[in-house]
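One-based numbering along the sequence shown.
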Amino acid sequence: MEECSEYRCWEELLPDALGLIFRNLSLQEMLTVVPRVCKSWSRVVAGPYCWQEIDIQEWSQQHSKPDQLIRMVHTLIARSGGSFRRISLSGLPNDSLFTFIADHARSLKTLELPRSGISDCIVEDVAQRLSNVTFLDVSSCTKIGARALEAFGKNCKSLVGLRRVMHPIDVAGKLCQHDEARAIACSMPKLRHLEIGYMLIATKAVLEIASQCHDLKFLDLRGCWGVDNEFLQEKYPGLEVLGPCVDDCYENNFWEECSDDSDDDSIYSWEFMDDDYYAIGSDDEGIWDNGQGLEGLEVRFYGGASEGYAGFDWPPSP
């Protein structure tokens, strides 16, 4: 009996300590496995302890239904209690969801929204609510341009990192993006890390950025074929420059990740359900995977009176 008393039960760990542990798990495991272990663990994943960083980048890349992406973002931000410091997702579908994120961004430091459908107008409207952001990723956001970049720069005074990497198809039909380079140079003077791969810019535009951003340490120019790298290196020998000529197979990797050739739309397509047991003390909806992405986990769905409700059978213990 004395030996047993030396060991503390897992459920007695402080919630913030459990949260640090659970953050090492995958999104699927946190939303489908942990809540079933015990009530105390279920409460932890339903609260803010696990959602200081909301990273659904991989899941959203495989997810083709905007309504479920919207519900996922709403659910996780609600669980964070508005205290999330990082959010990373791909393909944000509309301005309203971007506004929702900005409305709850009081603690937000890292904002990663590649391939999203946000517009210049909405960025200008809500950028003042993103004043604490220090790193921004708006790669392949084709509906924004110099106006949005300028709005981000003027309102995010502590911005030190920007990723604005394009795909050649994103810039097809454009003559140049010198206005975007000028917006970066004039509104983001504290930048230390800048990635602008495949943007249609020339040496003069890059020199303007380098001359205005005095703290710049790293510059990614892969695919910026109009830039004279040798001249740039001579002018700024302390600046680490990647590109323009780098064989990184960017185009092939990009389209392999985003391929629509698959006929199976159910991969990473999670269903939502209401279940008081799995959301103790919360009105959040549960999020369940269809099982194809979980190794060793058998998931079975059952039909019911409504398609919006689903359950699954837990596999027997080994």
Which atom of [X] lies closest to which atom of [Y], heavy atoms considered:
| X | Y | result |
| --- | --- | --- |
| F84 | S80 | CD2-OG, 3.4 Å |
| G161 | L191 | N-CD2, 3.7 Å |
| C224 | Y198 | SG-N, 3.7 Å |
| L149 | S187 | O-OG, 3.7 Å |

By ring pair (Phe, Tyr, Trp, His ring centres under 6.0 Å) - contacts of F22 (at least two apart): W41

Donor-acceptor contact below 3.5 Å, side chain [X] vs main chain [Y]:
| X | Y | answer |
| --- | --- | --- |
| N155 | L130 | no |
| T203 | D228 | yes |
| R79 | V45 | yes |
| R85 | S107 | no |
| S116 | L92 | yes |
| S42 | K39 | no |

Do [X] and [Y] touch side chain to side chain, with heavy atoms closer than 4.5 Å?
| X | Y | value |
| --- | --- | --- |
| L136 | C156 | no |
| V138 | V123 | no |
| S90 | S60 | yes |
| L113 | L89 | yes |
| E53 | S88 | no |
| D125 | T99 | no |
| L76 | I87 | no |
| L221 | I196 | yes |

Sequence neighbours excluded, every pair satisfying ring pair (Phe, Tyr, Trp, His ring centres under 6.0 Å) that has a member inside residues 135-157: none

Selection residues 104-128 - residue pairs positive for ring pair (Phe, Tyr, Trp, His ring centres under 6.0 Å), sequence neighbours left out: F100-H104

Qualifying residues under side chain to side chain contact (heavy atoms under 4.5 Å, CB included), relative to T134, sequence neighbours excluded: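 Residues passing side chain to side chain contact (heavy atoms under 4.5 Å, CB included) with T134: K109, S158, V160.
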
Not counting sequence neighbours, which residues clear side-chain hydrogen bond (donor to acceptor under 3.5 Å, both in side chains) with [X]? List them please.
| X | result |
| --- | --- |
| D137 | S139, R163 |
| S83 | Q52 |
| N94 | S96 |

So how far is it from [X] [atom1] to [Y] [atom2], rounded to the nearest 0.5 Å?
| X | Y | atom1 | atom2 | value |
| --- | --- | --- | --- | --- |
| R164 | S140 | CZ | OG | 8.0 Å |
| R182 | I201 | CZ | CD1 | 11.5 Å |
| R71 | K65 | CZ | NZ | 11.0 Å |
| F231 | K204 | CZ | NZ | 12.0 Å |
| R106 | N132 | CZ | CG | 11.0 Å |
| D220 | L162 | CG | CG | 11.0 Å |

NZ/K174: more than 12 non-hydrogen atoms of other groups inside 6.0 Å: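 Counting neighbours around NZ of K174, more than 12 heavy atoms of other residues, nucleotides or ligands fall under 6.0 Å, so yes.
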
E240 CD: over 12 foreign heavy atoms closer than 6.0 Å: no

Worked check of side-chain contact (heavy atoms from CB on, under 4.5 Å) between M199 and V171: CA-CA 7 Å; M199 284 183 62; V171 295; 5.9 Å; no

Can you list, pair by pair, the side-chain donor-acceptor contacts under 3.5 Å of residues 208-219, counting residues two or more places apart and other chains?
unit_1	atom_1	unit_2	atom_2	d
S211	OG	L207	O	3.1
S211	OG	E208	O	2.8
H214	ND1	S211	O	3.4

Evaluation steps, side-chain contact (heavy atoms from CB on, under 4.5 Å), between V73 and I54: CA-CA 9 Å; V73 172; I54 300 175; over 6 Å; no

Residue pairs passing the salt bridge (charged side-chain N to carboxylate O under 4.0 Å, His left out) test where at least one lies in residues 144-160, sequence neighbours excluded: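 Every pair satisfying salt bridge (charged side-chain N to carboxylate O under 4.0 Å, His left out) with a residue in residues 144-160: E124-R147, E150-K154.
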
Sequence neighbours excluded, every pair satisfying salt bridge (charged side-chain N to carboxylate O under 4.0 Å, His left out) that has a member inside residues 185-194: none

Under the salt bridge (charged side-chain N to carboxylate O under 4.0 Å, His left out) test, residues paired with R129 that sit two or more places apart: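 So R129 forms a salt bridge (charged side-chain N to carboxylate O under 4.0 Å, His left out) with D103.
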
Residues that D95 engages under salt bridge (charged side-chain N to carboxylate O under 4.0 Å, His left out), provided they are two or more places apart: none

